[in-house]
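Read through the structure below, which is laid out as structure tokens, and then see the notes.
Here is how names work: the chains are called A, B, and so on, in the same order as the sequence lines, proteins then strands, and each is numbered from 1. A quick note: this is a predicted structure, and the numbers were derived from the prediction, not measured.
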Protein chains: 2
Amino acid sequence: MAGPGQHSTSQPSLRERKQARTRQALIEAAVELFERQGYDETTVAEIAAAAEIGTRTFFGYFAGKEDILFPDSDARSRATIAAIADRDPAEGPVDVLLRALDTIAESDADMVSPMAAVRMRLFHTVPAVRGKALQVQLAAQREIARELHKAFPGELDQVTAAALAGALTGAVSGALDVLLGEQGAEHADPAQLQAQVRQATERALRPWRQAAGE
Amino acid sequence: MAGPGQHSTSQPSLRERKQARTRQALIEAAVELFERQGYDETTVAEIAAAAEIGTRTFFGYFAGKEDILFPDSDARSRATIAAIADRDPAEGPVDVLLRALDTIAESDADMVSPMAAVRMRLFHTVPAVRGKALQVQLAAQREIARELHKAFPGELDQVTAAALAGALTGAVSGALDVLLGEQGAEHADPAQLQAQVRQATERALRPWRQAAGE
DNA sequence: ATGCGAGTTTGCATCGAATGCAAGTTGGCT
DNA sequence: AGCCAACTTGCATTCGATGCAAACTCGCAT
């Protein structure tokens with residue numbers, strides 16, 4: 001093997017601390033460079049050099065150039081799954097998902113990170129980044145579908161659970177696509193943004209509230 | 001410019017016929033090679049050679065290696081837009097979308113093409129192909145959202161239209177992902193496959209059907 | 001029919017992402 | 001101290017993708 005692998009749940013060793021620092025340095029260097037020169041104009045070699053590691057080593061930390069824009073890519077699905085986990089017995093599937101959506105919007109520090117802005121701009125301009133982002137979304141959607149089916153075995157079979165998960169992520173990303181795609185998205189008020197997403201999603205999923213069980 | 005560009009609506013000239021043949025030859029050669037050797041093991045040079053054109057010329061016909069798996073990528077959005085166009089005045093947004101999705105599921109001859117099978121297998125194994133497929137889907141979704149908003153200006157603002165388009169396409173693709181993603185999808189005969197697609201779509205859209213008209 | 005010109009094809013050179021390989025180097029642990 | 005495994009790094013290589021300039025082909029007006 002070539003690259004570092006994540007480790008135990010115990011105290012971080014010197015090695016792990018160093019790797020974490022290197023990883024962070026890579027991310028910051030990349031964001032900085034992407035912002036200044038653009039994505040295609042920045043080479044992996046430059047990023048590695050800026051983080052003071054060998055070019056070859058970069059690929060030990062990230063599988064590809066795009067991947068550096070999606071560290072902790074499964075944060076969203078983890079949050080959703082957590083929301084599903086501690087659900088109220090009275091809640092229906094759609095209620096749980098909408099609550100998860102609220103939870104994410106509140107606790108998601110990623111919406112305001114400097115990287116998020118860069119990522120969003122590159123999403124609209126660089127096909128490779130768009131492709132990667134959509135793959136991350138699909139992975140999350142699949143994970144959600146699986147947990148959803150596990151949490152509501154009687155109510156949702158696998159296909160229906162997948163449909164619901166797809167409907168949720170599709171609705172949210174669709175709304176965000178419009179809200180953030182328009183110019184001036186960077187100066188938007190997060191709270192108002194969330195309200196709009198919430199409202200649009202709720203309307204799109206409304207039929208599921210009653211019809212969830214077949 | 002380097003590559004050929006599509007032409008008028010009139011009679012296809014000799015030039016255009018040749019290009020169409022070359023394009024088709026490229027597609028068939030690529031599918032054949034992908035099938036036999038796998039995607040990563042097939043180089044663009046091989047595809048071009050099999051179609052008897054220079055390697056450089058390939059990129060005049062397709063922007064990248066993945067793109068050859070998605071010719072006529074906007075067929076779906078065109079069909080949807082057509083369905084939206086000739087809607088009944090009494091139909092609501094959901095009704096129109098449901099009808100559009102039905103039309104697509106039925107008239108989509110692409111589901112049984114030899115390429116479709118290869119494409120589906122590669123979707124699950126090759127990240128680049130998966131990314132491209134998702135981008136095509138997103139493009140269609142956006143187009144649908146735009147037309148939907150245009151068709152129901154008073155009823156649907158842009159955000160809601162996008163959320164609705166995302167929810168429906170997400171639900172269908174989510175259901176298909178589960179139903180066709182499991183093993184054995186490749187060995188099913190076309191008729192059975194088509195039936196499965198129909199069933200998945202049906203179940204994914206059921207909640208909206210029951211609540212249609214609102 | 002002839003020949004001009006736009007549209008195409010192609011080879012060549014180049015760049016950059018990505019990977020295998022084979023040393024080196026470093027940190028963890030006894 | 002010293003071994004072992006994990007990690008780093010450079011080197012060579014493959015392949016996708018693009019710019020460039022020279023050939024070539026077809027459509028069309030004369």
Side-chain angles (χ1 to χ4, degrees), chain A residues 1-8 10-26 29-30 33-34 37-70 122 126-129 131-132, chain B residues 1-23 25-26 29-30 33-34 37-70 122 126-129 131-132:
Chain A
M1 248 188 262
Q6 74 297 352
H7 279 278
S8 65
S10 67
Q11 285 285 56
S13 67
L14 170 58
R15 214 169 220 174
E16 291 170 298
R17 270 178 285 139
K18 266 182 132 175
Q19 287 174 0
R21 256 189 291 126
T22 299
R23 185 182 164 86
Q24 199 53 36
L26 276 173
L33 287 169
F34 290 162
Q37 322 175 332
Y39 183 82
D40 290 322
E41 292 72 28
T42 303
T43 70
V44 171
E46 283 178 301
I47 300 173
E52 307 195 89
I53 67 172
T55 305
R56 185 65 180 81
T57 312
F58 174 92
F59 295 100
Y61 283 88
F62 296 96
K65 190 182 173 185
E66 319 86 60
D67 296 270
I68 206 172
L69 284 168
F70 303 88
L122 296 182
V126 183
V129 174
K132 179 67 189 173
Chain B
M1 250 190 257
Q6 74 297 350
H7 280 278
S8 65
T9 58
S10 64
Q11 285 284 55
S13 67
L14 169 59
R15 221 171 213 172
E16 291 170 298
R17 271 179 284 138
K18 268 181 128 176
Q19 288 174 359
R21 256 189 294 124
T22 299
R23 184 183 165 85
L26 278 173
L33 287 169
F34 290 163
Q37 321 176 333
Y39 183 83
D40 290 322
E41 292 73 25
T42 302
T43 69
V44 171
E46 283 177 300
I47 301 173
E52 308 195 86
I53 66 171
T55 304
R56 187 61 179 85
T57 312
F58 174 92
F59 295 99
Y61 283 89
F62 296 97
K65 191 182 172 184
E66 320 86 58
D67 296 87
I68 205 170
L69 284 168
F70 303 88
L122 296 181
V126 183
V129 174
K132 179 67 188 172

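Within the nucleic acid shown, Thr42(A) comes within 4.0 Å of sugar-phosphate atoms alone, with no base atom in reach, counting heavy atoms only. When heavy atoms are screened at a 4.0 angstrom cut-off, Phe58(B) is found touching no nucleic acid atom at all. Residue Phe62(B) is classed as having no contact, given no heavy-atom separation below 4.0 Å to the nucleic acid. Here Glu66(A) lies in heavy-atom contact (under 4.0 Å) with sugar-phosphate atoms only.
The 12-atom threshold is exceeded at CD of Glu41(A), counting heavy atoms of other residues, nucleotides or ligands nearer than 6.0 Å.
Applying the side-chain hydrogen bond (donor to acceptor under 3.5 Å, both in side chains) test to Lys132(B) and every residue at least two apart in sequence or in another chain returns Asp67(B).
Remark: Lys65(A) fails to qualify as a cation-pi partner of Phe34(A) under the 6.0 Å distance and 45° angle criteria applied to the six-membered ring.
Dashed line: the shortest gap from a side-chain N or O of Thr57(B) to OP1 or OP2 of dT10(C) is under 4.0 Å.
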Base versus backbone protein contacts along nucleotides 23-28 of chain D [heavy-atom cut-off under 4.0 Å; B, S, -]: --BBS-

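Using a 4.5 Å heavy-atom cutoff, the side chains of Arg21(A) and Lys18(A) are in contact. Residues Phe70(A) and Val129(A) have side chains in contact (heavy-atom distance under 4.5 Å, counting atoms from C-beta outward).
Atom CG in Asp40(A) sits roughly 18 Å away from atom P in dG16(D) (whole-Å rounding). When rounded to the nearest whole Å, the span between CZ of Arg56(B) and C1' of dG11(C) equals 10 Å.
A side-chain donor-acceptor contact under 3.5 Å links Ser13(A) and Glu16(A).
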